[in-house]
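Nothing fancy with the numbering, it's 1 onward along the sequence.
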Amino acid sequence: MNNVNKTLYIPLYGKSYVSKKGLFIKDKKAEEIWTAEGFPLKGKSASKWLAYYMGVRSAVFDEWLIKQTADEKECIVIHIGCGLDSRILRVEGVNCKWYDVDFPEVISERCRYFKETPQYKMLEGDARDCNWLEKITESKKAVVVIEGVSMYMTSSELCCMMKKLSGHFEEISLLMDCYTTKSAKISKYKNPINDVGVTKVYGIDDPAVLNQSELVFVKEHTMTPEKYINELRGIEKFIFAKLYAGNFAKSLYRLFEYRKVK
């Protein structure tokens, strides 16, 4: 794998870590894969505070996805940049057809742990060109999750992706986390992804710059809801809230929802 693909081990470790501690999410598959892979993490990427953040982030995405697919019969789910994430197993009750998308080498690794079914497919592809969309015949409504991906794409590449998604589906609900430009600038020197060799990332400050056709920004979500912070106790709760839930954290990392409706 190249260095960008290796970043998938950071959230995998985080989800495995919090799952074992009984915090935020239950993810036995992450525990299983992390135990089997044994990828060496060091420095900030192995921090328990980052692990907590990865767990909370996943919980927020999971909760949003469950809400978006409730009582939906014709929508599909697309997870762009799925890595080794087991979201499809975590979100019980979501019965939509599901597509996990990532680079060929990542999907090859993923196939060691996940099996396709008539309702679940793994697609090889690059988010930047969206050629994988040709393999998706459904075109009515898509619920799209893009977690931990946008910071590796330029704003023009993100706009291209959004435009192609908008052109393919009649309706879209999309949730995506983004670095700010401030975060992108300091990430060269202080970011856990540096520990796996990544130093070039990108950020946006105005979510509306990614508006394409009828797919437009509608809402910003909090990355760290209080209910998840409250699962921690004592000094851990205090430190985590200071590190990841304050105004400084928001100045670095944000969560945007986009929507296209008929």
Side-chain angles (χ1 to χ4, degrees), residues 7-37 39 41-70 77 79 81-94 113 143 145-151 173-180 183 190-193 195 219-257:
T7 62
L8 65 85
Y9 289 106
I10 299 173
L12 176 65
Y13 166 73
K15 285 172 277 193
S16 172
Y17 183 88
V18 300
S19 181
K20 287 179 180 178
K21 291 179 72 70
L23 293 168
F24 318 130
I25 60 173
K26 182 179 179 181
D27 199 333
K28 293 297 182 183
K29 178 61 78 169
E31 294 179 41
E32 171 197 333
I33 298 174
W34 181 254
T35 299
E37 289 297 315
F39 185 84
L41 290 179
K42 59 183 180 179
K44 295 181 290 292
S45 61
S47 160
K48 73 173 180 179
W49 306 111
L50 182 63
Y52 288 161
Y53 195 55
M54 294 291 99
V56 171
R57 185 181 78 175
S58 292
V60 170
F61 272 90
D62 289 356
E63 185 177 351
W64 178 86
L65 179 59
I66 290 170
K67 288 181 179 178
Q68 298 304 312
T69 55
V77 173
H79 185 175
C82 59
L84 295 176
D85 186 87
S86 53
R87 174 161 286 122
I88 189 171
L89 302 179
R90 291 197 306 271
V91 289
E92 298 177 359
V94 175
Y113 299 101
V143 177
V145 170
I146 308 175
E147 181 183 5
V149 173
S150 71
M151 55 285 302
S173 295
L174 184 151
L175 190 65
M176 176 169 59
D177 56 330
C178 296
Y179 282 176
T180 63
S183 180
K190 285 183 142 183
N191 194 313
I193 61 176
D195 296 324
K219 183 179 181 181
E220 180 169 357
H221 294 259
T222 177
M223 283 280 199
T224 50
E226 187 175 354
K227 65 179 181 180
Y228 293 122
I229 296 174
N230 287 339
E231 291 191 34
L232 298 171
R233 294 290 182 267
I235 190 65
E236 285 197 336
K237 177 180 175 180
F238 176 80
I239 293 174
F240 182 77
K242 287 293 183 182
L243 287 175
Y244 292 107
N247 290 331
F248 179 69
K250 187 176 178 180
S251 74
L252 300 177
Y253 200 27
R254 300 169 71 186
L255 185 59
F256 302 136
E257 179 178 348

Not counting sequence neighbours, which residues clear ring-ring contact (aromatic ring centres under 6.0 Å, His included) with Tyr253? List them please.
-> Tyr53, Tyr179
Within the distance-only criterion (no hydrogens, no angle test), does the side chain of Thr69 pair as donor or acceptor with the backbone N or O of Val94 below 3.5 angstrom?
-> no
Counting only heavy atoms not in Tyr113, do more than 12 fall under 6.0 Å of its OH?
-> yes
Minimum-distance pair of heavy atoms, taken over all atoms of Gly14 and Met54 = CA-CB, 4.1 Å
Work out which heavy atom in Ala30 is nearest to a heavy atom in Asp27; give both atom names and the distance.
-> N-OD1, 2.9 Å
When every non-hydrogen atom of Val18 is compared with those of Ala51, the smallest separation belongs to CG1-O, 3.4 Å
Whether Ser86 side chain and Leu89 backbone form a donor-acceptor pair below 3.5 Å | no
Electrostatic pair Asp62-Arg90, nearest N-O below 4.0 angstrom | yes
Identify the two heavy atoms, one from Asp177 and one from Gly148, that lie closest to each other, and give their separation to 0.1 Å.
-> OD1-N, 2.8 Å
For residues 220-235, the salt bridge (charged side-chain N to carboxylate O under 4.0 Å, His left out) pairs (sequence neighbours left out) are Glu63-Lys227, Glu220-Arg254
Can you find a heavy atom in the side chain of Val56 that is under 4.5 Å from one in the side chain of Tyr244?
-> no
Verify, without hydrogens or angle tests, whether Ser251 (side chain) and Phe248 (backbone) share a donor-acceptor contact under 3.5 angstrom.
-> yes
Decide salt bridge (Lys or Arg N to Asp or Glu O under 4.0 Å) for Arg57 and Glu147; before the verdict, give the C-alpha distance in whole Å, the side-chain angles of both, and the deciding distance to 0.1 Å.
-> CA-CA 9 Å; Arg57 185 181 78 175; Glu147 181 183 5; 2.9 Å; yes
Exercise: do Glu31 and Ser16 side chains pair donor with acceptor under 3.5 Å = no
Can you find a pair of side-chain heavy atoms, one from Ile33 and one from Leu12, that are under 4.5 Å apart?
-> yes
Using a cut-off of 6.0 Å, state whether more than 12 heavy atoms not belonging to Lys219 lie near its atom NZ.
-> no
Results of side chain to side chain contact (heavy atoms under 4.5 Å, CB included) for Ile88 - residues two or more places apart only = Trp98, Tyr120
Any side-chain heavy-atom pair of Leu65 and Val143 under 4.5 Å = yes
Any idea how Tyr52 and Phe24 line up, ring-wise: parallel (<30°), tilted (30 to 60°), or perpendicular (>60°)?
-> perpendicular
Closest heavy-atom contact between Ile229 and Thr224?
-> CD1-O, 3.6 Å
Minimum side-chain heavy-atom gap Lys26-Lys15 below 4.5 Å = no
Check against side chain to side chain contact (heavy atoms under 4.5 Å, CB included), Trp64 and Val145 = CA-CA 9 Å; Trp64 178 86; Val145 170; 4.1 Å; yes
Could you tell me the separation between the CG atom of Leu175 and the CD1 atom of Ile146, rounded to the nearest 0.5 Å?
-> 9.0 Å
Side-chain contact, heavy-atom cut-off 4.5 Å: Tyr9 with Trp34?
-> yes
Between Val60 and Tyr228, is any pair of side-chain heavy atoms under 4.5 Å apart?
-> yes
Can Glu236 and Lys48 be counted as an ion pair, charged N to O under 4.0 angstrom?
-> yes
Taking all atoms of both residues into account, what is the closest heavy-atom pair of Gly55 and Ile25, and its distance?
-> O-CG2, 4.0 Å
Would you indicate whether the side-chain heavy atoms of His221 and Phe256 approach each other to under 4.5 Å?
-> no
Does any non-hydrogen side-chain atom of Met151 lie less than 4.5 Å from one of Cys178?
-> no
